[in-house]
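Taking it in order: structure first as structure tokens, then the write-up.
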2 protein chains.
Amino acid sequence: MRTTIRDVAKAAGVSIATVSKVFNGYSDINQQTKQEILKIAKELDYSPNMAARTLSSKKQQTIALILNELNFNRKSTMPLEVLNGVYRYTDQSDFEFVFYGTSTEKQKQKTFSQFCNEHNITGVVIQGLKTTDPYYQEVQQTSLPTVLIDMEIDNPKIGLVSIDNEKAAQEAVDFLIANNHRQIGMINGSRDANVSELREKGYRASLAAHGLLVNESYIQYANYEEEIAYLICKNLLENNQEITALFCASDIMAIGAIRGIKDMGLRVPEDISVIGFDDIILASYVTPELTTVAQDMERIGYEAAELLTDIITNQAETSHRKISPHQLKVRQSVEKISEVR
Amino acid sequence: MRTTIRDVAKAAGVSIATVSKVFNGYSDINQQTKQEILKIAKELDYSPNMAARTLSSKKQQTIALILNELNFNRKSTMPLEVLNGVYRYTDQSDFEFVFYGTSTEKQKQKTFSQFCNEHNITGVVIQGLKTTDPYYQEVQQTSLPTVLIDMEIDNPKIGLVSIDNEKAAQEAVDFLIANNHRQIGMINGSRDANVSELREKGYRASLAAHGLLVNESYIQYANYEEEIAYLICKNLLENNQEITALFCASDIMAIGAIRGIKDMGLRVPEDISVIGFDDIILASYVTPELTTVAQDMERIGYEAAELLTDIITNQAETSHRKISPHQLKVRQSVEKISEVR
DNA sequence: CTGAAAGCGCTTACAG
DNA sequence: CTGAAAGCGCTTACAG
């Protein structure tokens with residue numbers, strides 16, 4: 001059987017209360033007693049049971065990272081980077097870290113608060129949520145410390161970490177326009193994703209700022225999937241041969257689009273310029289190297305965990321909103337065209 | 001305050017024992033009572049607290065994935081894939097899934113059994129362990145159901161999942177020899193990694209099988225790091241100009257080596273052929289596309305979790321060893337040389 | 001079919 | 001400085 005606090009107490013000839021105090025760093029313990037208990041605990045290979053500790057104490061704090069639709073695509077390591085960031089923060093904190101995957105299906109079975117209650121979660125970082133997910137509504141009225149990544153929400157008590165997606169998208173399209181492109185298509189992700197909305201807003205804002213009209217048929221949705229982007233890109237370019245540049249809401253879609261362009265016998269960037277979003281590792285390895293908007297998901301994860309602990313410990317400044325920096329990486333997939341058509 | 005079983009019992013006018021039975025699927029419950037309890041539980045947003053359940057029942061089983069030295073390199077998604085595989089299996093099982101990162105440092109602070117005891121772990125899958133890690137010794141004599149990934153160990157009760165690294169390496173080198181290469185260098189990982197040993201064995205076996213002598217200075221260690229491989233590759237080729245091909249124990253190192261070769265003014269594969277190991281996503285995107293040994297880490301993770309549950313439920317066949325298939329992916333980084341020098 | 005009670009391994013006022 | 005006891009939220013023989 002597993003070693004319990006009782007075994008240690010018995011072996012040390014003290015009460016379990018004393019053993020407990022030693023393991024909780026209480027100061028009012030005789031140094032000698034303490035050393036003796038520690039020694040015996042070591043011999044017995046004892047370590048306090050977290051479940052019991054969680055149950056009896058209201059102190060054991062655990063931070064959860066919930067990843068929605070864990071579509072661990074080998075090409076996109078973004079969820080992994082977020083996990084890494086959150087892990088790195090909690091690892092050096094006093095919080096216990098747990099990770100859970102969820103899905104629209106699971107969210108239907110169990111509410112957000114049920115889930116968190118069940119797992120004794122003190123605070124949670126969520127990534128990948130869609131506006132159509134049950135949790136999206138439930139999070140609005142939760143009292144649990146929560147930080148969303150890449151998601152706008154009304155509740156001011158909810159934390160929020162992301163880059164300024166609208167501005168970043170606008171800068172990307174600005175860059176295209178600075179390179180004399182005027183007929184610019186957009187391959188967007190999903191209408192249910194908050195970031196898609198924002199990136200589209202940025203696209204529209206850039207055009208507007210330059211006095212260009214938005215052609216609604218230029219905006220297509222590929223659900224962040226490479227294959228769909230491939231198909232949609234071909235379709236878009238066939239129907240709108242005047243297009244000279246494409247702004248894609250993710251690198252994965254940009255990669256699919258580039259393949260589509262090549263399959264049509266066109267060249268990137270000579271015939272069509274392409275700009276992506278995310279700066280995944282592949283972006284610098286594809287040919288041509290992809291010009292894209294970089295965001296540091298590892299950092300965002302770290303900052304989310306940090307913000308969350310601030311909220312938990314009530315140290316958060318008035319704003320629960322943290323904007324992480326982004327950066328346009330100019331590589332090879334955009335070409336300046338000489339005459340403005 | 002959180003909703004507890006007591007709240008539900010009170011609201012339903014029954015005892016907590018009855019509520020508990022409903023949530024544990026006991027059959028000897030009046031259908032009407034059951035429905036009523038379920039309805040009230042839903043209204044109250046109740047869900048059983050796992051910590052309490054774990055503590056009072058010896059039944060709640062949880063499977064842990066422990067990743068060592070969580071060096072989430074953006075270029076190598078292998079730990080992620082393992083996580084994904086384990087997660088995918090446990091998700092459709094009755095086991096609870098938890099994930100933990102560890103490190104040599106952490107292992108020194110707390111023993112393997114302390115850690116597992118502390119977290120009420122029923123069984124564990126471990127990846128990334130080095131032979132010099134404290135856990136490596138401790139695992140040898142654990143009674144806890146355990147499955148190691150990519151690691152040989154004596155204890156027959158310990159599960160084991162990996163590809164046949166030795167054979168895979170041998171096939172890779174065989175392929176080089178079939179392409180008339182005779183002076184073949186090896187850039188290996190780390191002496192502390194079990195797979196490195198095995199891949200080197202395969203390298204030696206291939207040479208021996210073809211009557212070739214092993215030149216010990218041809219074998220170098222780059223610790224699975226791209227930068228080190230870059231440096232070591234240049235060094236190796238400068239000191240041994242007769243080398244025509246390189247077998248690298250990982251794609252990351254192969255990518256570093258290729259960069260080193262190019263920096264020396266040599267071409268891949270015209271001057272030097274390179275073969276990698278793992279088939280990470282980048283392998284098919286670098287130029288030239290990398291010939292490599294593919295292994296499916298997602299599948300390995302899945303199989304590890306499967307094997308673990310078999311061990312836990314005592315259904316494991318006599319052997320706790322599972323060999324996953326590998327496959328040589330022939331792409332562009334190896335060239336057949338005409339005359340055997 | 002239902003409930004009272006012991007117990008899981010801990011923590012924490014409280015008393016001494 | 002130390003310990004007895006209540007309690008955290010559950011499960012599970014056992015009795016009825």
Side-chain angles (χ1 to χ4, degrees), chain A residues 1-38 40-41 44-62 94 96 113-114 116-122, chain B residues 1-38 40-41 44-62 94 96 113-114 116-122:
Chain A
M1 218 38 253
R2 294 173 166 176
T3 310
T4 72
I5 197 173
R6 205 153 269 124
D7 302 320
V8 177
K10 198 177 297 173
V14 298
S15 73
I16 61 165
T18 304
V19 176
S20 174
K21 281 169 192 161
V22 167
F23 275 89
N24 284 283
Y26 280 58
S27 54
D28 57 345
I29 300 283
N30 183 317
Q31 270 306 310
Q32 218 163 337
T33 317
K34 182 173 169 180
Q35 294 312 321
E36 176 67 7
I37 289 174
L38 251 20
I40 290 181
L44 265 42
D45 215 25
Y46 170 75
S47 197
N49 180 309
M50 295 289 267
R53 193 173 241 184
T54 303
L55 198 58
S56 75
S57 153
K58 296 293 109 189
K59 278 204 191 143
Q60 181 58 48
Q61 312 249 288
T62 119
D94 284 334
E96 169 87 352
S113 58
Q114 276 181 329
C116 293
N117 186 22
E118 182 174 312
H119 293 279
N120 285 99
I121 294 170
T122 315
Chain B
M1 219 40 254
R2 293 173 166 174
T3 311
T4 72
I5 196 173
R6 204 153 270 124
D7 302 319
V8 177
K10 197 176 297 172
V14 297
S15 74
I16 62 166
T18 304
V19 176
S20 175
K21 280 168 192 160
V22 167
F23 275 89
N24 284 284
Y26 280 57
S27 53
D28 57 343
I29 299 282
N30 183 315
Q31 270 305 311
Q32 216 161 338
T33 318
K34 181 174 170 180
Q35 293 312 322
E36 177 67 7
I37 288 174
L38 251 20
I40 290 180
L44 266 41
D45 213 26
Y46 170 75
S47 198
N49 180 310
M50 295 290 267
R53 193 173 242 185
T54 303
L55 199 58
S56 75
S57 153
K58 295 293 108 188
K59 279 208 191 135
Q60 181 59 49
Q61 313 248 288
T62 119
D94 285 334
E96 169 87 353
S113 58
Q114 276 181 329
C116 294
N117 184 23
E118 181 173 313
H119 293 278
N120 285 97
I121 294 171
T122 315

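Convention: sequence-line order gives letters A, B, ...; per-chain numbering from 1.
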Q: Could you tell me the separation between the CD1 atom of B/Ile5 and the C1' atom of C/dT2, rounded to a whole number of Å?
A: 14 Å
Q: State, to 0.1 Å, how close A/Ile40 and A/Ala12 come at their nearest heavy-atom pair, and which atoms those are.
A: CD1-CA, 3.5 Å
Q) Which whole-number value in Å describes the distance from B/Ile121 CD1 to C/dG9 C1'? A) 17 Å
Q.
Just N and O in the side chain of A/Asn24: are any of them under 4.0 Å from OP1 or OP2 of C/dT11?
A. yes
Q: Please identify each residue that fulfils side chain to side chain contact (heavy atoms under 4.5 Å, CB included) with A/Gln114, with sequence neighbours left out.
A: A/Lys110, A/Thr111, B/Asp45, B/Ser47
Q. By side-chain hydrogen bond (donor to acceptor under 3.5 Å, both in side chains), which residues pair with A/Glu96, not counting sequence neighbours?
A. B/His119
Q. When the distance from CZ of B/Phe23 to P of C/dT2 is rounded to whole Å, what number comes out?
A. 15 Å
Q.
Distance check needed: C/dG9 P versus A/Asn120 CG, whole Å only.
A. 18 Å
I'd like a table of atom pairs between the protein and nucleotides 14-16 of chain D - only N or O on both sides, under 3.5 Å - with the distance next to each one.
none

Q.
If I take atom CG from residue B/Leu55 and atom CZ from residue B/Arg53, how far apart are they, to the nearest 0.5 angstrom?
A. 13.0 Å
(Q) Check the phosphate of D/dG7 against A/Ser56, side-chain N and O only, distance under 4.0 Å to OP1 or OP2. Yes or no? (A) no
Q: Give the rounded distance in Å between these two atoms: CG of B/Leu55 and P of C/dC10.
A: 8 Å
Q: Indicate yes or no: at least one non-hydrogen side-chain atom of A/Thr4 is less than 4.5 angstrom from one of A/Asp7.
A: yes
Q: State, to 0.1 Å, how close A/Tyr46 and A/Ile5 come at their nearest heavy-atom pair, and which atoms those are.
A: CE1-N, 3.4 Å
Q | Nearest-Å distance for atom pair CD1/C1', residues A/Ile37 and D/dG3 | A | 12 Å
Q) Mapping B/Ile16 and A/Ala17 to their closest nucleotides on DNA chain D, which lands nearer the 5' end? A) A/Ala17
(Q) Could you tell me how far apart A/His119 (NE2) and D/dG9 (P) are, to the nearest whole angstrom? (A) 17 Å
Q: Can you measure from CG (B/Asn120) to OG1 (A/Thr54) and round to the nearest 0.5 angstrom?
A: 9.0 Å
Q | Polar side-chain atom of B/Thr122 near backbone of B/Thr62 as donor-acceptor pair, under 3.5 Å | A | yes
Q) Just the dot-bracket of DNA chain D, please: which string comes out with Watson-Crick or G-U pairs under 3.5 Å, [ ] for crossing, | for another strand? A) |||.||||||||.|||
Q.
Below the 4.0 Å mark, does C/dG3 have OP1 or OP2 next to a side-chain nitrogen or oxygen of B/Thr18?
A. yes
**Q.** Residues from residues 25-33 of chain A lying under 4.0 Å of DNA chain D - heavy atoms
**A.** A/Asp28, A/Ile29, A/Asn30, A/Thr33
Q) Do we see a donor-acceptor contact under 3.5 Å between the side chains of B/Asn49 and A/Asn117? A) no
Under 3.5 Å, which donor-acceptor pairs link side chains of residues 15-32 of chain B to any protein atom two or more places apart or in another chain?
| from | atom 1 | to | atom 2 | distance (Å) |
| --- | --- | --- | --- | --- |
| B/Ser15 | OG | B/Ala17 | N | 3.3 |
| B/Ser15 | OG | B/Thr18 | N | 3.3 |
| B/Ser15 | OG | B/Thr18 | OG1 | 3.2 |
| B/Ser20 | OG | B/Asn24 | ND2 | 3.4 |
| B/Asn24 | ND2 | B/Ser20 | O | 2.7 |
| B/Asn30 | OD1 | B/Gln32 | N | 2.6 |
| B/Gln31 | OE1 | B/Gln35 | NE2 | 3.4 |

**Q.** Rounded distance (Å) that lies between atom P of D/dG9 and atom CG of B/Leu44
**A.** 14 Å
Q.
Using a 4.0 Å heavy-atom cut-off, does A/Ser20 contact any base of the nucleic acid, only the sugar-phosphate backbone, or nothing at all?
A. base
